[in-house]
Amino acid sequence: MSIHVVFLGTAGSVPTLQRSLPAVLVQRGNEQFMFDCGEGVQRQMLRAKTGFHKKMKIFISHMHGDHVLGLPGLLQTMALMDRQRKLEVYGPKGISDFLLCVKETLQFGLTFPVEIREINGAGVVCDEEEYTVSAVQSNHVVPSLAYALVEKPRPGKFHPKKAHALGVPKGELWSELQRGGEVTLSDGRIVRAEEVLGSPRKGRKIVYTGDTRPFDAFAEFAAGADLVIHDATLDDSLAEKAAVDGHSTPSQAAEQALKAGAERLVLTHISARYPDAQVLLEQARKNFGNVVLAEDFLELELPLPED
Ligand SMILES: [Zn+2]
Ligand SMILES: [Zn+2]
């Protein structure tokens, strides 16, 4: 199962002609994860052909307008399109009041249930069969969260020769072993999955920082990530301003990705002062080779590792 990442909005604070406000959509199988929800996100979704009816969880990093004002419009568009499936929204304190207040004052009815979960503190915020989503307090000018989508390890590769050698007949018993279970053979012997499977295969990990200065807990939180999507609002020459505004520079983002041992880095939340943001990419590249500058509609693929 491939993981597909689409950058729907990559601007910081205000939209520009090239960049819409922050939103990243991760598509994993039939399920979507949206990180932040900037204004006009539904039009970006139309252009990216993401659909509006899929299973979806939305994760809001913090309660600044550029990250959250897309939610009311998105919910209303989904209702007008007669969405039926439940939508889950996770975010910091305030997300619940915000949505309830908008819903009441604008008096729009929804055709689908919305489950809102406010996150207090760090840890796993969502634990499903195949993955978890965790949050950690980041370091912005208001309470803010970074998120990690982490796939659980998959059972190791099945070795048919070993199963044959142990006398396990092909069929249902093989399937059970492939799922990680144990089986009892007709002669009473028990064969366990470990005897016929390779070592468990690591899942993929995607980390989204939201708006943040570099912070200490990041290296552990993002350890070994396949993809880190990091705030890089201002270039290195404006490091002082970035610190005051609660943002990061490209070199800082690169350093954080390096400390975490991440595979790939994407710089986003790009300030409107960079119609050409190549300078950000160049600054990050000095510390970290595998880096990309986010653009609206940039798409990345994270294939399933085959070991
Ligand atoms: Zn922002
Ligand atoms: Zn902010």
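One-based numbering along the sequence shown.
- Here the closest non-hydrogen pair linking Pro92 and Ser61 is CG-O, 3.9 Å.
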**Q.** Verdict with reasoning, Ile206 to Ile3, per side chain to side chain contact (heavy atoms under 4.5 Å, CB included)
**A.** CA-CA 10 Å; Ile206 298 176; Ile3 290 184; 3.7 Å; yes

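- Under a 3.5 Å cut-off, the side chain of Thr249 and the backbone N or O of Ala239 do not form any donor-acceptor pair.
- Considering only heavy atoms from C-beta on, Asp296 stays 4.5 Å or farther from Leu8 through its side chain.
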In residues 98-110, what donor-acceptor pairs under 3.5 Å come from side-chain atoms, sequence neighbours left out?
{"residue": "Thr105", "atom": "OG1", "partner": "Cys101", "partner atom": "O", "Å": "2.8"}
{"residue": "Thr105", "atom": "OG1", "partner": "Val102", "partner atom": "O", "Å": "3.4"}

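- For the pair Val125 and Phe59, the minimum side-chain heavy-atom distance is below 4.5 Å.
- Under the 4.5 angstrom side-chain criterion for Ile, Leu, Val, Met, Phe, Trp and Tyr, Ile190 has no cluster partners at all.
- By the criterion of side-chain heavy atoms lying less than 4.5 angstrom apart, applied directly or through intervening Ile, Leu, Val, Met, Phe, Trp or Tyr residues, Leu46 is grouped together with Met56 in one hydrophobic cluster.
- Taking the side-chain hydrogen bond (donor to acceptor under 3.5 Å, both in side chains) definition, one finds that Thr111 meets it with nothing, sequence neighbours left out.
- The local environment of NZ in Lys54 is crowded, with over 12 non-hydrogen atoms from other residues, nucleotides or ligands closer than 6.0 Å.
- Applying the side-chain hydrogen bond (donor to acceptor under 3.5 Å, both in side chains) criterion to Glu118, with sequence neighbours excluded, gives no partner residue.
- Note that the NZ atom of Lys55 and the CZ atom of Arg85 stand 8.0 Å from one another [nearest 0.5 Å].
- Put simply, the side chain of Arg204 never gets that close to the backbone of Asp226: no donor and acceptor are under 3.5 Å apart.
- A continuous path of ILVMFWY side-chain contacts below 4.5 Å connects Val266 to Val26, so both sit in one hydrophobic cluster.
- Applying the side-chain hydrogen bond (donor to acceptor under 3.5 Å, both in side chains) criterion to His269, with sequence neighbours excluded, gives Asp66, His67, Asp211, Thr233.
- In this structure, the side chains of Lys162 and Glu195 stay at 4.5 Å or more apart for every pair of heavy atoms.
- The distance from atom CD of Gln32 to atom NE2 of His53, rounded to the nearest 0.5 Å, is 11.0 Å.
- Although no hydrogens or angles enter the test, the distance criterion places a donor-acceptor pair under 3.5 Å between the side chain of Arg19 and the main chain of Ala294.
- Between Tyr208 and Tyr147, the gap from one ring centroid to the other reaches at least 6.0 Å.
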Q: Could you walk me through whether Lys202 and Glu151 pass the salt bridge (Lys or Arg N to Asp or Glu O under 4.0 Å) test, one step at a time?
A: CA-CA 8 Å; Lys202 188 176 156 278; Glu151 288 183 315; over 6 Å; no

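- With hydrophobic clusters built from ILVMFWY side chains whose heavy atoms lie under 4.5 angstrom apart, Val68 shares a cluster with Leu25.
- In this structure, Thr10 and Pro22 have side chains that are not in contact, with every pair of non-hydrogen atoms separated by 4.5 Å or more.
- A continuous path of ILVMFWY side-chain contacts below 4.5 Å connects Leu75 to Met45, so both sit in one hydrophobic cluster.
- Side-chain contact between Leu304 and Arg154: present, with at least one pair of heavy atoms (C-beta onward) separated by less than 4.5 Å.
- Contacts classified as salt bridge (charged side-chain N to carboxylate O under 4.0 Å, His left out) and involving residues 119-132 (residues at least two apart or in different chains) are given here: Arg28-Glu130, Lys57-Glu128, Asp127-Lys152.
- The cluster map of Ile, Leu, Val, Met, Phe, Trp and Tyr, joined by side-chain heavy atoms under 4.5 Å apart, puts Ile119 and Tyr131 in the same cluster.
- Checking Asp36, Ile95, Val114 one by one against Leu71, the side-chain contact (heavy atoms from CB on, under 4.5 Å) holds for a single residue, Ile95.
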Q: Would you please test Leu145 and Gln137 for side chain to side chain contact (heavy atoms under 4.5 Å, CB included) and show each step?
A: CA-CA 5 Å; Leu145 300 160; Gln137 300 285 342; 4.0 Å; yes

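- Checking side-chain atoms of Ser138 against main-chain N and O of Ser144 turns up a donor-acceptor pair under 3.5 Å.
- Scanning both residues, Ala23 and Gly38, for their nearest heavy atoms gives CB-N, 4.2 Å.
- The minimum heavy-atom distance between Pro200 and Pro153, with the atom names listed, is CB-CB, 4.4 Å.
- When side chains are defined from C-beta on, Leu87 does not count as touching Pro113, because their heavy atoms never get closer than 4.5 Å.
- In the hydrophobic clustering, where aliphatic and aromatic side chains (Ile, Leu, Val, Met, Phe, Trp, Tyr) are joined below 4.5 Å either directly or transitively, Val136 groups with Val207, Phe215, Phe218, Phe221, Val228, Leu234, Leu238, Leu258, Leu265, Leu267, Ile270, Tyr274, Val279, Leu280, Leu281, Phe288, Val291, Leu293.
- Here CG of Leu227 is found 12.0 Å from NZ of Lys205. Values are rounded to the nearest 0.5 Å.
- Annotation: the span from Met81 atom CE to Phe112 atom CZ amounts to 11.5 Å, rounded to 0.5 Å.
- Every residue two or more places apart in sequence or in another chain that forms a side-chain hydrogen bond (donor to acceptor under 3.5 Å, both in side chains) with Arg189 is listed here: Asp187.
- Gln256 has its side chain within reach of Lys259: a pair of non-hydrogen atoms, C-beta onward, lies under 4.5 Å apart.
- When atom types are taken as modelled, the side chain of His140 and the backbone of Gly246 share a donor-acceptor pair closer than 3.5 angstrom.
- Between the CD atom in Glu115 and the CD1 atom in Ile58 there is a gap of 13.0 Å [rounded to 0.5 Å].
- Of the possible polar contacts, one joining the Ser271 side chain to the Arg273 backbone as a donor-acceptor pair under 3.5 Å is found.
- Pairs engaging residues 276-285 under the side-chain hydrogen bond (donor to acceptor under 3.5 Å, both in side chains) rule: Asp235-Gln283 [sequence neighbours left out].
- Other residues sharing a hydrophobic cluster with Val150 under the 4.5 Å side-chain heavy-atom criterion for ILVMFWY residues do not exist; the residue is a singleton.
- Taking 4.0 Å as the cut-off between side-chain N and carboxylate O, Arg179 and Glu172 count as a salt-bridged pair.
- Other residues, nucleotides and ligands contribute over 12 non-hydrogen atoms within 6.0 Å of the CZ atom of Arg117.
- Checked against side chain to side chain contact (heavy atoms under 4.5 Å, CB included), Glu301 has the following partners two or more places apart in sequence or in another chain: Ser2, His4.
- Alongside Leu197, the hydrophobic cluster contains Phe158, Leu166, Val168, Leu173, Trp174, Leu177, Val183, Leu185, Val191, Val196 (criterion: ILVMFWY side chains under 4.5 Å).
- The backbone N or O of Arg213 lies less than 3.5 Å from no partner atom in the side chain of Gln252, so there is not a single donor-acceptor pair.
- Enclosure of atom CG in Asp82 by more than 12 non-hydrogen atoms of other residues, nucleotides or ligands within 6.0 angstrom is indicated.
- Outside the 6.0 Å centre-distance limit, the rings of Tyr90 and Phe33 are not counted as a close aromatic pair.
- Using a 4.5 Å heavy-atom threshold, the side chains of Val6 and Gln27 count as separate.
- With values rounded to the nearest 0.5 angstrom, Lys157 atom NZ is found 12.5 Å from Gln178 atom CD.
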Q: In sequence, state the C-alpha distance, the side-chain angles, and the governing distance for Thr209 and Asp231, and then conclude on side chain to side chain donor-acceptor pair (under 3.5 Å).
A: CA-CA 6 Å; Thr209 65; Asp231 177 330; 5.7 Å; no

